[in-house]
Amino acid sequence: MRGAKIMSQDDALHAVRHSMSHVMAEAVLEMFPDAQIAIGPAIDNGFYYDFDLPRQLKTEDLEEITRRMQDIIKDDKPFERSVVARKEAEEQFADQKYKLELIKAIPEDQEVSLYKQGGFTDLCKGPHVASTKQLNPQAFKLLSIAGAYWRGKETNPMLTRIYGTAWEHPKQLRQYLKQLEDIEKRDHRKLGKELDLFSLHEEAGAGLVYWHPKGARIRQAIEDFWRKEHYRNGYEMVYTPHVGKSWLWETSGHLDFYKEGMYPPMEMDKAHYFVKPMNCPFHIMIYNNGMHSYRDLPVRWAELGTVYRYEKAGALHGLLRVRGFTQDDAHIICTPDQMEDEILEVLRFSLYMLRSFGFQDIKAYLSTRPEDSVGEQHQWESATESLRKAIDREGLAYELDEGGGAFYGPKIDLKIKDALGREWQLSTIQFDFNEPQRFNMEFVDKDGKEKRPFMVHRALLGSIERFFGVLLEHYAGAFPPWLAYEQIRIIPVAAPFEDYAKKLQQLFREQDFRASADLSDDRMNAKIRKAQKEKIPYMVIVGEREEQDQAVSVRYRSGKQENGIPLEDFVQMVASRVSEKTQL
RNA sequence: GCCAAAAUAGCUCAGCGGUAGAGCAACGCACUCGUAAUGCGUAGGUCGUGGGUUCAAUUCCCACUUUUGGCUCCA
């Protein structure tokens, strides 16, 4: 389930949800006495239970399961906890292979507890509500049937998972279902279609994005800002090819470690060319093109580099998971003693960028050395330490992901929370101890000796496609004026004022505003409705009064309206909203 | 890739063994209008693709493609 939490998961609610999953398991066992049961925990907003069933479940089955659950709840069966010997538990679940596996996995020093309600006993740590009567038969809903591998491993059998949501009161359930609807309304795929921003075409290839003119305008606004800020922050832009011969990918190690993520090779002149899944080897080619003195470092090279990666068919999702995307990539190549400052600067820059787009709630995730990895231990330690220091200096909240780094280096990921409280990973700052060595990168140090530089990969927005999708949902399509594909729609109240409308359009365009006049033969009301549905921030409505006074009447996207604003005042107001990047 | 559901006009959806229907959008005509839909009319679909069953398939069955919700993975 992708869904935001409405309330913090207090223990009572957790017990309700967990108990609900047991009730569901009882109901399912009533229907399928031969079913194998796996696990059934409480999760955010609800619960699930995994089953191995004799036949496939249909959506209609959920109705019957629901009815049976309601009956069980009404029976007021107590949840009885008992602690049993391992042997006893194994006898109890003699014909439940998944449960037997779970029992074996319980550490020796831990007690084995069972929970029983009515005719159903489950291996379970608890806790549960005291009796099914404490569950509200009107405060839960079974949401979906999904497949899930036993213990999440692809090689294990696929079980049938039933998801449900459960609350203490029906009112909370209704609230939650309402919120699911809100999330659906904000879905970037829906908004992208409604606002005509982008499309995907099954017949032309899954996971490949087509940017329509309106979407492209917004993307341009993002990219223009991005370039300007990168130059300001000491970056240079580079452009690199989209394909490279196998030598490049052998050297980088991608063909060893990342082959399953790459598009298959193209053959030409007896050589294999691969479409790039990453930009780094190309940036390194530029670096290795000549000698570098320590005086030249750091180099910071950025590129909006479009890469292609094979994603499993089932993983594709709108703009959020695609097969071709543009990273706002950059590589920082520096001496070891520049590293700490560079990291701090990247982190600051990243936070500045994210905040500029309206994301205020930002959290860091620091990932450290995994078991299988390259590089010296002291390198890992100092790199990790400088990442941690930078996070501290910026006063960011962070979580440690021990062993979660890439094999080639530690990293910081930044996640933002959107308007609905959902978390999205955007920025990533990663050390790389692998490629500098593989490509034999060097710089000449003060002592005249050739040494190996440090390299950091970083993407601030992540991928433009993904970032755009997140932004679209965050604003529910109502982009702030600096990003809006059309900032001003001029609407004459009637045909005689079309000339004034055209004049305004010209004037606004000279101010670099994205503006258009609606000269269609719709009535004014219809034009307003249209502009409103397109979520255009400013509607400028003009008739006789405005033309006479060289003024405008403004209807804001919010519905608020102001009449008779002098033209210059309006221009100035919009200009300042745009430059300050504020809403409306 | 795996499990489940789905694919009908540009969009949202109805229909379901006898080769299709609505609303919006588009187009045409009339209306000339002050803050979320003026009226009337016209046109638009080999019902995702390929097989099969049948006298007959958009409808039933199979495969494929894609989408959706999960599992897994991740920018």
Side-chain angles (χ1 to χ4, degrees), chain A residues 1-3 48 50-53 56-59 61-62 143-163 184 187 189-190 193-194 196 199-207 260-261 277-279 305 307 309-329 406 413 424-428 430 457-467 469-470 491-498 521-534 539-546 553-557 559-563:
Chain A
M1 273 312 303
R2 273 168 68 241
Y48 68 80
D50 289 345
F51 305 95
D52 198 343
L53 298 173
Q56 290 168 349
L57 277 191
K58 286 179 285 216
T59 322
D61 291 322
L62 293 184
L143 295 174
S144 60
I145 302 166
Y149 299 108
W150 166 237
R151 305 197 133 182
K153 274 182 82 172
E154 228 170 337
T155 46
N156 283 341
M158 174 71 73
L159 305 172
T160 304
R161 176 173 297 179
I162 304 175
Y163 279 100
E184 216 179 299
D187 192 307
R189 293 164 299 184
K190 200 174 144 94
K193 210 183 258 182
E194 282 170 7
D196 195 19
S199 57
L200 296 132
H201 299 270
E202 51 174 276
E203 66 276 28
E260 70 292 348
M278 293 184 193
N279 302 300
V307 298
R309 298 182 186 175
Y310 175 76
E311 292 288 346
K312 290 177 185 174
L316 299 176
H317 181 86
L319 293 183
L320 300 180
R321 182 132 311 259
V322 293
R323 285 185 177 156
F325 58 98
T326 303
Q327 289 182 308
D328 71 314
D329 207 359
D413 292 326
W424 303 99
Q425 189 199 316
L426 300 176
S427 311
T428 183
Q430 310 188 343
H457 311 256
R458 43 111 285 190
L460 305 188
L461 311 181
S463 95
I464 302 290
E465 286 74 5
R466 205 256 257 306
F467 185 74
V470 172
I491 299 173
V493 302
F497 312 108
E498 286 184 0
D521 61 358
D522 280 332
R523 293 173 68 205
M524 181 200 62
N525 282 308
K527 291 180 184 183
I528 289 173
R529 182 181 148 84
K530 215 168 148 193
Q532 197 76 50
K533 293 199 96 169
E534 290 179 52
M539 279 155 269
V540 160
I541 293 161
V542 292
E544 198 177 351
R545 296 199 288 274
E546 289 76 13
S553 288
V554 182
R555 182 191 161 102
Y556 296 82
R557 178 170 56 202
K560 187 180 114 182
Q561 76 192 63
E562 278 181 282
N563 294 336

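Below, chain A is the first sequence line, B the second, and so on; all start at residue 1. Everything quoted here is computed from the prediction, not taken from an experiment.
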For [X], all residues meeting salt bridge (Lys or Arg N to Asp or Glu O under 4.0 Å), sequence neighbours excluded:
{"X": "A:E534", "result": "A:K214, A:R489"}
{"X": "A:E546", "result": "none"}
{"X": "A:D413", "result": "A:K411"}
{"X": "A:K533", "result": "none"}

Pull out every protein N or O sitting under 3.5 Å from an N or O of nucleotides 63-66 of chain B, one pair per line with the distance.
| from | atom 1 | to | atom 2 | distance (Å) |
| --- | --- | --- | --- | --- |
| B:U66 | O2' | A:E202 | OE2 | 3.3 |

Sequence-distant partners of [X], side chain to side chain contact (heavy atoms under 4.5 Å, CB included), two or more places apart:
{"X": "A:A495", "answer": "A:E498"}
{"X": "A:A406", "answer": "A:Y408"}
{"X": "A:F51", "answer": "A:M24, A:A25, A:V28, A:I37, A:Y49, A:L53, A:I162"}
{"X": "A:A526", "answer": "A:D522"}

Ignoring the backbone of A:A315, work out which of B:C73, B:U35, B:U68 is nearest its side chain.
-> B:C73
If a protein heavy atom is under 4.0 Å from the base, mark B; if only from the sugar-phosphate, S; if neither, -; do that for nucleotides 23-34 of chain B going 5' to 3'.
-> --------BBBB
Span that lies between the P atom of B:G15 and that of B:A30, in whole angstrom | 40 Å
Stems of at least 3 consecutive Watson-Crick or G-U wobble pairs (donor-acceptor distances under 3.5 Å) involving RNA chain B, listed by first number, are B:1-7 with B:65-71, B:10-13 with B:21-24, B:26-30 with B:38-42, B:48-52 with B:60-64
State which residues pass ring pair (Phe, Tyr, Trp, His ring centres under 6.0 Å) with A:Y48; sequence neighbours excluded, sorted by chain then number.
-> A:Y163
